[in-house]
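Working notes, beginning with the structure itself.
By convention here, the first residue in the shown sequence is residue 1. Since the structure is predicted, the reported quantities are computational estimates derived from the model, not experimental observations.
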Amino acid sequence: MSRRTGRRAGPLAVCSLVLAAAGTLAGCGADGSSPSSSAPGLRVSGAYMPAPSMGTMAAGFFTVTNSGGADTLTSVTSDLADDVTMHATVGGAMEERKSFAVPAEGTLDFASGGNHLMFAKLTHKPGPGEKVSVELHFAKSGTVRISMPVKPATYSPKTGH
């Protein structure tokens with residue numbers, strides 16, 4: 001008859017091992033990535049404003065490309081206007097939105113006929129060639145400042161904005 005010299009792991013030791021393993025796995029994302037890789041990675045491109053026909057309102061368009069985790073565009077401000085609002089076009093009707101989701105590893109488009117910015121109560125009527133300073137405020141990424149060039153009213157970008 002042989003006798004074991006080691007001890008069997010008690011229930012407390014087993015529970016400790018399970019909890020330690022669970023804590024290690026909880027630190028990883030669903031794809032095995034670390035939590036730091038879930039931070040948003042935002043890049044704004046294609047920004048422009050068609051030259052407004054009125055001196056009181058203007059529109060703005062751009063694309064946010066996200067190479068990281070999800071974020072939310074919560075508001076937009078600009079020295080050009082007292083009021084900048086975000087809108088979606090749903091069924092041909094314009095609807096004001098308080099925020100827009102920026103999907104993880106995805107894009108958020110503000111394009112003619114779709115999502116867009118409305119600048120109201122302009123401080124002046126910007127003309128083609130002028131650049132408008134705009135601040136995009138995100139829930140996780142903070143403020144992203146962009147320079148939005150004013151294009152002729154008939155401008156049609158190749159990117160579909």
Would you check if [X] and [Y] make a side-chain contact, meaning some heavy-atom pair closer than 4.5 Å?
| X | Y | answer |
| --- | --- | --- |
| Met148 | Leu80 | no |
| Thr107 | Thr65 | yes |
| Asn115 | Asp109 | no |
| Val64 | Val44 | yes |
| Phe62 | Val134 | no |

Inset, instruction - Using the test salt bridge (charged side-chain N to carboxylate O under 4.0 Å, His left out), find all partners of Arg97 that sit at least two apart in sequence or belong to another chain. - result: Glu95

Legend entry - Residues forming a salt bridge (charged side-chain N to carboxylate O under 4.0 Å, His left out) with Glu135, sequence neighbours excluded: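 With neighbours one apart ignored, the set is Arg145.
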
State the [atom1]-[atom2] distance between [X] and [Y], to the nearest 0.5 angstrom.
| X | Y | atom1 | atom2 | answer |
| --- | --- | --- | --- | --- |
| Thr123 | Asp79 | OG1 | CG | 7.5 Å |
| Leu42 | Leu73 | CG | CG | 9.5 Å |
| Thr63 | Leu108 | OG1 | CG | 8.0 Å |
| Thr77 | Phe119 | OG1 | CZ | 9.5 Å |

Minimum heavy-atom separation for [X] to [Y], with atom names?
| X | Y | value |
| --- | --- | --- |
| Ser147 | Ala47 | O-CB, 4.5 Å |
| Ala81 | Leu122 | CB-CD2, 4.0 Å |
| Ala58 | Met49 | CB-SD, 3.8 Å |
| Pro52 | Pro126 | CD-O, 3.4 Å |
| Asn66 | Gly68 | OD1-N, 2.9 Å |
| Glu105 | Ser67 | OE2-O, 2.8 Å |

Inset, instruction - List, by chain and number, the other hydrophobic cluster members for Met118, where Ile, Leu, Val, Met, Phe, Trp and Tyr join if side-chain heavy atoms come within less than 4.5 Å, directly or indirectly. - result: Met54, Met57, Met94

Any donor-acceptor pair under 3.5 Å from [X] side chain to [Y] backbone:
| X | Y | value |
| --- | --- | --- |
| Ser78 | Ser133 | yes |
| Asp71 | Ser141 | yes |
| Lys140 | Ala70 | yes |

Legend entry - Selection residues 77-101 - residue pairs positive for ring pair (Phe, Tyr, Trp, His ring centres under 6.0 Å), sequence neighbours left out: His87-His116, Phe100-Phe110

Inset, instruction - Mind checking side-chain contact (heavy atoms from CB on, under 4.5 Å) for Pro50 and listing every partner two or more places apart, or none if nothing turns up? - result: Tyr48, Phe61

Legend entry - Sequence-distant partners of Thr72, side-chain contact (heavy atoms from CB on, under 4.5 Å), two or more places apart: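 Thr74, Ser99, Ala139.
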
